[in-house]
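Note on naming: letters A, B, ... go to the chains in the order of the sequence lines (proteins, then strands), and numbering restarts at 1 for each one.
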Protein chains: 2
Amino acid sequence: MALSFRQSEILGIARVEGRVEVEELARRFGVTLQTIRRDLTELADTGKLDRVHGGAMLRAGVANIGYEERRLMNADAKAAIARTCAAAIPENSSLFLNIGTTTEAVARALLDHRNLTVVTNNMNVANILVANESCDVIVAGGVLRRSDGGLVGDLTTDAIGHFKVDYAIIGTSALDADGDLLDFDSQEVRVSRAILRQSRQSYLVADASKLGRSAPVRIASLCDIDAVFTNAALPDDLTRRCSDWGTEIRLPRSR
Amino acid sequence: MALSFRQSEILGIARVEGRVEVEELARRFGVTLQTIRRDLTELADTGKLDRVHGGAMLRAGVANIGYEERRLMNADAKAAIARTCAAAIPENSSLFLNIGTTTEAVARALLDHRNLTVVTNNMNVANILVANESCDVIVAGGVLRRSDGGLVGDLTTDAIGHFKVDYAIIGTSALDADGDLLDFDSQEVRVSRAILRQSRQSYLVADASKLGRSAPVRIASLCDIDAVFTNAALPDDLTRRCSDWGTEIRLPRSR
DNA sequence: AATTTTATCTTCGTTTTTGTTCGTTTTGGC
DNA sequence: GCCAAAACGAACAAAAACGAAGATAAAATT
């Protein structure tokens, strides 16, 4: 079955937004709710989307509830950060993307970039970037973690050692007052460190909610990072330190 | 067939716009709707465009469509094979699943098994088995192939070398009259061979449509396989040879 | 000039899609 | 657990798009 104009457009919207609503789509296309429902049912039947009450979502693949909540938290901020970061990535370049909902937002923002080579240990990132035909996706293998679709373990670290890319784009669980990047899982931290080691430029993407939080394992310091993409100014002393370290701070252009 | 002046212009418009509509084209070229329809039908027949109601669109991932078709072909047979195979896999065991729509069917049939450890180079298998909470999923990394969600390359072969599992469950593109398993992609074949090497028992899952077909690269022979799960009796001489080799042939119980 | 070929138009019955209505199910507050 | 509102799916009718077949006209061939 070939998809209609409208259906493939719905799919496109879902890829970008992560979700679509019946009402909104009906308004947008100027058709009845029933027609949209039929479209969504068909897309769900062929496995392209997951149907939910009131709309549909990208195929869940890996997501569970806690993950969904995290993904929707600060969704706008994350999308804005992702756009800014994607704008800093030239076409024809290679990059790492690690685990995290913000890096997934970056993957979505990269759907229009051409000729990228992306190495990732995040199943969701791979699932998103499959849609970008001109992009080579390399999955660093490992043990699949249900909670967030991350691949971790020795296998992952080993695989990453095989590459050297232009940009590392990493997320973090927490960014404390000293400018240290922190995470909860030491396995994941080993992967993140390997990623930083194997890349020429390193970018941190983190929304403001990560700021001032804490977590037990240290990934790196902001002084090891070339630029941090976030959505609100950092505290004054951290800003000062960043300028000493030569770490650029990039905020989304206000709108 | 040579494209008419108008047809190649339609193609040009489609390349730019991504889609074309019958009405609009008819107006633009000053011809009737039927003429445009004929153009679009021809362009679709030669694979240049995808026909949809009201117009046509750029062909979306050619490969992807092929995959969908493959997945739906003999879907019932594959499901039956998968059930039989899954019944032969005890709980608390470890297994490989490689690329292929039949192995994906097996993954679906394993959703109720408990305490499995599954190593796979197939993103779809991983996405399916995520739903089985009691199952450890390990993804063997590699280059992601859009056409079927397979992960291939040296990275994959290396990763598989790290494991030794109880069962290898592999699919194949073709099974010829000599009992040789064949495939089209030599990279994928390397992965399949690595899988066979690293497992204690090896099962082939292949529906009858694979029988008597051919493909350029040899994976192995049925004599290397412990059991083959299929949906129709093999030719007599192959059956005889299998019994010489000690290769069991397992058919779904009729119903 | 006559004939064939090709592309297009016209007509009409068929298929697909969409809108409408209505009974059923799900959801969320109480 | 109960109820109202929202969302849903089934069924049918209307509308749009479709393809087949024959008619027409221009171009190519003889």
Check every atom of [options] against the side chain of [X] and return the nucleotide holding the closest atom.
{"X": "Gln34(A)", "options": "dT10(C), dG9(D), dG19(D)", "value": "dG9(D)"}
{"X": "Thr41(A)", "options": "dT16(C), dT10(C), dG9(D)", "value": "dG9(D)"}
{"X": "Arg37(B)", "options": "dG19(C), dG19(D), dC8(D)", "value": "dG19(D)"}

Distance, rounded to the nearest Å, where [X] contributes [atom1] and [N] contributes [atom2]:
{"X": "His53(A)", "N": "dT25(C)", "atom1": "NE2", "atom2": "P", "value": "13 Å"}
{"X": "Leu33(B)", "N": "dT10(C)", "atom1": "CG", "atom2": "P", "value": "11 Å"}
{"X": "Leu40(A)", "N": "dT17(C)", "atom1": "CG", "atom2": "P", "value": "16 Å"}
{"X": "Phe5(B)", "N": "dT8(C)", "atom1": "CZ", "atom2": "C1'", "value": "17 Å"}
{"X": "Glu21(B)", "N": "dA16(D)", "atom1": "CD", "atom2": "C1'", "value": "13 Å"}
{"X": "Ile36(B)", "N": "dT8(C)", "atom1": "CD1", "atom2": "P", "value": "9 Å"}
{"X": "Arg6(B)", "N": "dC9(C)", "atom1": "CZ", "atom2": "C1'", "value": "12 Å"}

Take the C1' atoms of the five end pairs on each side of the helix from dA1(C)-dT30(D) to dC30(C)-dG1(D), derive the two axes, and give their angle rounded to 10 degrees.
40°

More than 12 heavy atoms from other groups under 6.0 Å of CG on Asp45(B):
yes

Would you say CZ of Arg28(B) has more than 12 non-hydrogen atoms from neighbouring residues, nucleotides or ligands within 6.0 angstrom?
no

Exercise: do [X] and [Y] side chains pair donor with acceptor under 3.5 Å:
{"X": "Glu104(B)", "Y": "Asn124(B)", "answer": "yes"}
{"X": "Asp207(B)", "Y": "Asn231(B)", "answer": "no"}
{"X": "Asn98(A)", "Y": "Ser192(A)", "answer": "yes"}

Do the side-chain N or O atoms of [X] get closer than 4.0 angstrom to the phosphate oxygens (OP1, OP2) of [N]?
{"X": "Arg51(B)", "N": "dA17(D)", "answer": "no"}
{"X": "Arg38(A)", "N": "dT20(C)", "answer": "no"}
{"X": "Thr35(B)", "N": "dC9(C)", "answer": "yes"}

Main chain of [Y], side chain of [X]: is a donor-acceptor contact present, judged purely on distance under 3.5 Å?
{"X": "Thr117(A)", "Y": "Asp136(A)", "answer": "no"}
{"X": "Arg51(B)", "Y": "Gly55(B)", "answer": "yes"}
{"X": "Arg83(A)", "Y": "Ala109(A)", "answer": "no"}

Close side-chain approach of Ile99(A) to Val152(A), heavy-atom, < 4.5 Å:
yes

Among residues 22-30 of chain A, which residues get a heavy atom nearer than 4.0 Å to DNA chain C?
none

